[in-house]
Amino acid sequence: MKKRLEELRGSLEVYRARMNGCDPSILPVLSELERLDKEGALPARMLKSTKLPQELNRAWWRRESHGPVAARSGMLLLTWIKRTNRDDDEDDD
């Protein structure tokens, strides 16, 4: 699973490097990440080790992506931030 998630992160990085925030070609990658997230395959530790949240937290995703790409990447990031913060809080107990 980790290898696949790293491949998906690589796809996100390549998309960002192309600098075309209107191109919908990344939507299948976001769809796969959304599906994996709904299936519970992305626990906080996996997210941290694959650095997926760090990629979607880059300024480019907020400033340069548009439409469905911006909306879906933003929702994934918010979900993941909540999950990783909750996991950090549990580790403090």
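What you see below is based on every heavy atom in this structure, not just the backbone, and it leaves out hydrogens, waters and symmetry mates. Please read these numbers as outputs of a predicted model, since none were measured by experiment.
Taking Arg35 as the reference, Glu39 meet the side-chain hydrogen bond (donor to acceptor under 3.5 Å, both in side chains) condition, with sequence neighbours excluded. For Trp80, the ring-ring contact (aromatic ring centres under 6.0 Å, His included) criterion is met by no residue, not counting sequence neighbours. A search for salt bridge (charged side-chain N to carboxylate O under 4.0 Å, His left out) contacts involving Lys3 returns Glu7, not counting sequence neighbours. Shown here are the side-chain contact (heavy atoms from CB on, under 4.5 Å) partners of Ala41, two or more places apart in sequence or in another chain: Met1, Leu36.
Separation of atoms NZ (Lys82) and CG (Leu77) is listed at 11.0 Å; rounding is to 0.5 Å. Distance CD/Glu34 to CZ/Arg72: 4.0 Å, rounded to 0.5 Å.
In summary, the side chains of Thr84 and Arg45 do not present any donor paired with an acceptor at a separation below 3.5 Å, with no hydrogens or angles considered.
Taking hydrophobic clusters as Ile, Leu, Val, Met, Phe, Trp and Tyr residues chained together by side-chain heavy-atom distances below 4.5 Å, Val14 does not share a cluster with Leu33. Under the 4.5 Å side-chain heavy-atom criterion for grouping Ile, Leu, Val, Met, Phe, Trp and Tyr, Trp60 is connected to Val29 within one hydrophobic cluster. Linking Ile, Leu, Val, Met, Phe, Trp and Tyr residues whenever their side-chain heavy atoms come within less than 4.5 Å leaves Leu78 and Trp61 in two separate clusters. Leu42 and Met75 end up in different hydrophobic clusters when Ile, Leu, Val, Met, Phe, Trp and Tyr side chains are linked at under 4.5 Å.
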(message) Test side chain to side chain contact (heavy atoms under 4.5 Å, CB included) on Met46 and Thr50; report intermediate values, then the result.
(response) CA-CA 6 Å; Met46 183 69 75; Thr50 59; 4.1 Å; yes
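Judged as a ring-ring contact (aromatic ring centres under 6.0 Å, His included), not a single pair has a partner in residues 19-42 (not counting sequence neighbours). Within the structure, every pair that satisfies the salt bridge (charged side-chain N to carboxylate O under 4.0 Å, His left out) test and touches residues 55-67, not counting sequence neighbours, is listed here: Arg16-Glu55, Glu55-Arg58.
Contact check for Leu52 versus Leu56: no side-chain heavy atoms found under the 4.5 Å cut-off. Looking only at side-chain heavy atoms (C-beta outward), Arg18 and Ser25 come within less than 4.5 Å of each other.
Summarising the geometry of Ser65 relative to Ser73, their closest heavy-atom pair is OG-OG, 4.3 Å, with the distance given to 0.1 Å. Between Leu47 and Gln54, the shortest heavy-atom contact is O-OE1, 4.3 Å.
Judged by distance alone, with hydrogens and angles left aside, the side-chain atoms of Tyr15 form a donor-acceptor pair with the main-chain N or O of Asn20 at under 3.5 Å.
The side-chain contact (heavy atoms from CB on, under 4.5 Å) test with Glu32 is passed by exactly one of Leu8, Asp37, Leu5: Leu8.
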